[in-house]
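These notes are about the structure you will find just below.
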Amino acid sequence: MKKWYAVIGDPVSHSKSPAMHEAWFGESGIDASYIPVHVPAGTVGDAVASLRRLGASGWNVTVPHKQAIIPYLDEVDPLAAEMQAVNTVKVLPDGRLLGMNTDGPGFVRSLEERIRQSRRDEPVLIIGAGGAANGIALAMKQAGYGKIAVCNRTVEKAEALCSRIGGEALSLDEAAERLGEFGTLIQTTPVGMSTATGGLPISIGNLDPGAVVADIVYSPLHTDFLKAAMKNGNEIVDGLGMFIWQGALAFNEWTGLMPDTLGTRQRLIAEMEESTC
Ligand code: ATR
């Protein structure tokens, strides 16, 4: 029987995941489809029951259900449990539902795919302390990054995250002052996502030109923050890689195969360029 997969969320119609996964199924010779399913807030329990009953082989979970789905799953792996967020559901051979999270590990893979040398021993600064920052901080700690600081507009949220990962919490001003200490900067706030939220989340006057600067926003591909870093001579990592790798790690969980992430990147960039023409 043909297998099928899905992404559930609200909104979901804009998602690039269906086209990306369907391309990967095609390239891998797997007869499967992947569909977007609009699931309004408050109805994720019904959605899980339907997906189970209708025989989905696995699905991705996006906003606003990453935490709300947890009580409806049979099992949650340790990273997703620590993050209290699930972005991938795998249907186990006995039909039980396993919740996982590939967002943070996807970010680490995207970072390490694009930088020239490992920066695990150098201090890392994460800007923002929301859901995305939590996932990235936990995955970076698990990957062996030893010195992590978190700065946030609401400093109490940076403190809460740092108490879980053993990092240092800073205000945005303190971080801007000490920016030269960090070998990797990771921008996780929505600042830069559109012209309405353009600008910089933190002033970068003290940025070391030898630091790697990453942003998890991928539309636009080059946010104002990345543009400023490029102008300063920094190596940059845009947010497209995290999107591709979270999907690739989910695909790998479902199929045992690893898709061509670099080819996917070239295709998505070409599509993005076409749509802005
Ligand atoms: P996500 O799941 O995408 O991380 P989130 O959990 O809503 O989204 O977190 C958004 C993060 O971006 C938060 O750290 C937020 O700061 P606050 O905790 O102070 O709200 C940060 N953020 C949002 N808008 C911002 C802005 N204009 N300037 C600086 N930080 C901002």
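The residues of the chain are indexed from 1 along the displayed sequence. No experiment lies behind these values; they were computed from the predicted model shown. Every number for a ligand or one of its atoms is a count from 1 in the order of the listing.
- At a 4.0 Å heavy-atom cut-off, ligand 1 touches A132 through backbone and side chain alike.
- Within ligand 1, the atoms closer than 4.0 Å to a non-hydrogen atom of G128 are 14 (O), numbered from 1 in the order shown.
- Among protein heavy atoms, the minimum distance from atom 30 (N) of ligand 1 is reached at T189 CG2, 3.8 Å.
- By the definition of a contact as any protein heavy atom under 4.0 Å away, atom 24 (N) of ligand 1 is in contact.
- Across Y218 and K16, no two heavy atoms sit closer than the pair CE1-CE, 3.9 Å.
- Counting only heavy atoms of the protein, atom 20 (O) of ligand 1 lies nearest to R153 NH2, 2.9 Å.
- Hydrophobic clustering (side-chain heavy atoms under 4.5 Å, transitive across Ile, Leu, Val, Met, Phe, Trp, Tyr) groups Y72 together with V37.
- The contact set between ligand 1 and V191, taken as ligand atoms under 4.0 Å from a residue heavy atom, comprises 25 (C), 26 (C), 27 (N), 28 (N).
- Among all non-hydrogen protein atoms, the one lying nearest atom 9 (O) of ligand 1 is G130 CA, 3.3 Å.
- In this structure, E122 contributes its side chain and R119 its backbone to no donor-acceptor pair below 3.5 Å.
- Of all protein heavy atoms, the one lying nearest to atom 10 (C) of ligand 1 is P190 CD, 4.1 Å.
- Applying the 4.0 Å criterion to heavy atoms of A129 picks out, from ligand 1, the atoms 14 (O).
- A salt bridge links R52 to D74: one of the charged nitrogens lies within less than 4.0 Å of a carboxylate oxygen.
- Using a distance-only test at 3.5 Å, with no hydrogens or angles considered, a donor-acceptor pair links the side chain of T255 to the main chain of L257.
- Polar contact check, N152 against ligand 1: a nitrogen or oxygen pair lies under 3.5 Å apart.
- Within the 3.5 Å criterion, the main-chain N or O of N60 finds no donor-acceptor partner in the side chain of N87.
- Listed by number with element, the atoms of ligand 1 under 4.0 Å from a non-hydrogen atom of T154 are 17 (P), 18 (O), 19 (O).
- Annotation for T264 and D260: closest pair OG1-O, 2.7 Å, computed over non-hydrogen atoms.
- Using bins of under 30°, 30° to 60° and over 60° for the plane-to-plane angle, the ring pair H21/W24 lands in the perpendicular bin.
- Within ligand 1, counting atoms from 1 as listed, the ones closer than 4.0 Å to a heavy atom of K157 are 17 (P), 18 (O), 20 (O).
- Not a single heavy atom of P201 sits less than 4.0 Å from an atom of ligand 1.
- V63 and V86 are not part of a single hydrophobic cluster, where members link through side-chain heavy atoms under 4.5 Å apart.
- At a 3.5 angstrom cut-off on N or O pairs, G131 counts as close to ligand 1.
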